[in-house]
Structures are given as structure tokens and as C-alpha cells.
Participant: 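Sharing a structure below in C-alpha cells format, with a few things to ask.
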Amino acid sequence: MIAFLNGRVAGHTTDTAFIEVSGVGFAVGMPASDLAKLPERGEEVLVHTYLAVREDAMALYGFLTQDEKRFFEKLIGVSGVGPKVALAALSVYKPEELANAIAAGDVKAVSMIPGVGKKTAQRMILELKGSFSDENMQSLFDQEAAEATRRLEGAREALLSMGFSSAEADLALKDAPEELHTDSALIQYALRRLGSL
């Protein structure tokens, strides 16, 4: 199982990112929303991945957050929902938005996903509704928030150890993009901001 890729962006198409890791290029299917957030070609990115294995093929799917990956895994567990429909769902909705629609039994909203008709939408709601109660949703999304906080604190400590003041570190890390998924990427972002101040 390939759990994640930490490499450089080599390019992307409308539905696939190409990530280079130690000289090896991986083709990774991604939601359109994540493809739009990818850093520039040659810059570092961490992509959480899911390896789908069929008799005739293997395909790698990737996400910028663990939330999206977990949500993707839930979606493909629904009978009749394959990886392409699950990616389309995450291209149209953020995980929290789709979880709310499913929890509310909103067939119309779920049917707006490309490739999902009324019957499939009803099946998704029927099979997933219990997974998205308030309590389950909270635990689903809390882990990602805690990890993001840990990364910010780690980057802040690193900046302080370099001699920057607490105020400078806070200012440099303020509004850091969500797609910065490693401490080193956050530190590089902060140093670029500090250099331009």
C-alpha cells in the first residue's frame, strides 16, 4: 500500500497529477479542487494516496488532506460508486459539505455530482448516513485539524530557533496555505514571507 507521496510536482492534466519522487514519476488521479491547489512545477508537495487494485489494472488516487482520503474510501465502499465518481464528488464538494448533505438526506444535492443519478444518490445516503452523525463527523475531521496545528507549532518553533521573534514567526505563518503539508514546506513559505517583509 502506498500511503503517501512526498515529492515534486512534475505537471498535471485536468484529472491527473504527476509527482516525481526520487527520480520516479507517479501518475495520481486527483479531485479538480486539489489539482487547482497544487504548488508550481518543481515545488515540493505531500499527497495522501489510495492504491486501487483491479484484476486488469492498478491506479493511484491522491488527496491534499487526510480528510479527503478518508472520505474517498467511504464513498468507494458504497455499491455502485467507483473511484471516478468518488473523485467527482470531491471535485464538487468539500468533505464537510458532502457529509452534511448526506446526513440531511439531501438527494438533490448529492445528485449534482457528475455520474450520480437519483438512485445512486439515495443509495449513498442510505449506506453512509449513519457515518455522518454529528459525533462521527467530529471525529472524522478533528484529526486533520490537530495535525495542521502540530505542523504550525513545529514550524513556529523552528523559526524561533533561527532567531526570529515570536511576532515575526506568527506574522510569517499567518494565513499559510492549507496545501503545505510538511513542516519544511511551512518553514520555506515563512522564510519567503520574511524575506519580502
Participant: Apply ring pair (Phe, Tyr, Trp, His ring centres under 6.0 Å) to Y61 and list each qualifying residue two or more places apart in sequence or on a separate chain.
Facilitator: F72

Participant: Can you find a heavy atom in the side chain of V78 that is under 4.5 Å from one in the side chain of V85?
Facilitator: no

Participant: What do the steps show when you test V45 against L64 for side-chain contact (heavy atoms from CB on, under 4.5 Å), and what is the final call?
Facilitator: CA-CA 9 Å; V45 67; L64 292 179; 4.0 Å; yes

Participant: List the atom of Y189, the atom of K174, and the distance in Å for their closest heavy-atom pair.
Facilitator: OH-O, 3.8 Å

Participant: Please name the pair of heavy atoms, one in L98 and one in A89, separated by the smallest distance, quoted to 0.1 Å.
Facilitator: CD2-CB, 3.8 Å

Participant: By the side chain to side chain donor-acceptor pair (under 3.5 Å) test, which pairs, at least two apart or in different chains, include something from residues 75-89?
Facilitator: S79-E127

Participant: S161: what forms a side-chain hydrogen bond (donor to acceptor under 3.5 Å, both in side chains) with it, not counting sequence neighbours?
Facilitator: none

Participant: So, using side chain to side chain contact (heavy atoms under 4.5 Å, CB included) as the criterion, who are the partners of S166 when residues are at least two apart?
Facilitator: R156, L160, D170

Participant: Can you confirm whether L87 sits close enough to F63 that some side-chain heavy atom of one is under 4.5 Å from a side-chain heavy atom of the other?
Facilitator: yes

Participant: If we only count heavy atoms from C-beta on, is the F26 to V47 side-chain gap below 4.5 Å?
Facilitator: no

Participant: Under a 4.5 Å cut-off applied to non-hydrogen side-chain atoms, are E153 and E157 in contact?
Facilitator: no

Participant: Do L128 and L75 come within less than 4.5 Å of each other through their side chains, counting heavy atoms only?
Facilitator: yes

Participant: Looking at L90 and P95, what are the two nearest heavy atoms and their distance?
Facilitator: CD2-CG, 4.1 Å

Participant: With heavy-atom distances below 4.5 Å as the criterion, would you say the side chains of F164 and L191 are in contact?
Facilitator: yes

Participant: With sequence neighbours left out, write down each residue that passes side chain to side chain contact (heavy atoms under 4.5 Å, CB included) with V53, or none if nothing qualifies.
Facilitator: L51, M58

Participant: Between CZ of R70 and NE2 of H48, what distance do you get to the nearest 0.5 Å?
Facilitator: 9.0 Å

Participant: How many angstroms lie between atom OG1 of T49 and atom CG of L60, to the nearest 0.5 angstrom?
Facilitator: 5.0 Å

Participant: I'd like a table of donor-acceptor pairs (distance under 3.5 Å, sequence neighbours excluded) in which one partner is a side-chain atom from residues 101-114, with atom names and distances.
Facilitator:
{"residue": "D106", "atom": "OD1", "partner": "K108", "partner atom": "N", "Å": "3.3"}
{"residue": "D106", "atom": "OD1", "partner": "A109", "partner atom": "N", "Å": "3.0"}
{"residue": "S111", "atom": "OG", "partner": "V107", "partner atom": "O", "Å": "2.7"}

Participant: What are the two closest non-hydrogen atoms of D34 and G62, and how far apart are they?
Facilitator: OD2-O, 4.4 Å

Participant: Side chains of residues 13-21: which donor-acceptor partners sit under 3.5 Å, not counting sequence neighbours?
Facilitator:
{"residue": "T13", "atom": "OG1", "partner": "D15", "partner atom": "N", "Å": "3.4"}
{"residue": "T13", "atom": "OG1", "partner": "D15", "partner atom": "OD1", "Å": "3.2"}
{"residue": "T13", "atom": "OG1", "partner": "T16", "partner atom": "N", "Å": "3.2"}

Participant: Hey, any chance F71 and L126 share a hydrophobic cluster, counting ILVMFWY side chains that come within less than 4.5 Å of each other, even indirectly?
Facilitator: no

Participant: Pairs in or reaching into residues 114-124: which pass side chain to side chain donor-acceptor pair (under 3.5 Å), with residues at least two apart or in two chains?
Facilitator: none

Participant: Can you list the residues that meet the side chain to side chain contact (heavy atoms under 4.5 Å, CB included) rule with E97, with sequence neighbours excluded?
Facilitator: Y93, K94

Participant: Check residues 3-12 and write down every donor-acceptor pair under 3.5 Å in which the side-chain atom is one partner and the other belongs to a residue at least two apart or another chain.
Facilitator:
{"residue": "R8", "atom": "NH1", "partner": "G42", "partner atom": "O", "Å": "2.9"}

Participant: For S165 and E168, work out which heavy atoms get closest and say how close.
Facilitator: N-OE1, 2.8 Å

Participant: Restricting to non-hydrogen atoms, name the atom on A86 and the atom on V81 that form the minimum distance, rounded to 0.1 Å.
Facilitator: N-CG1, 4.3 Å

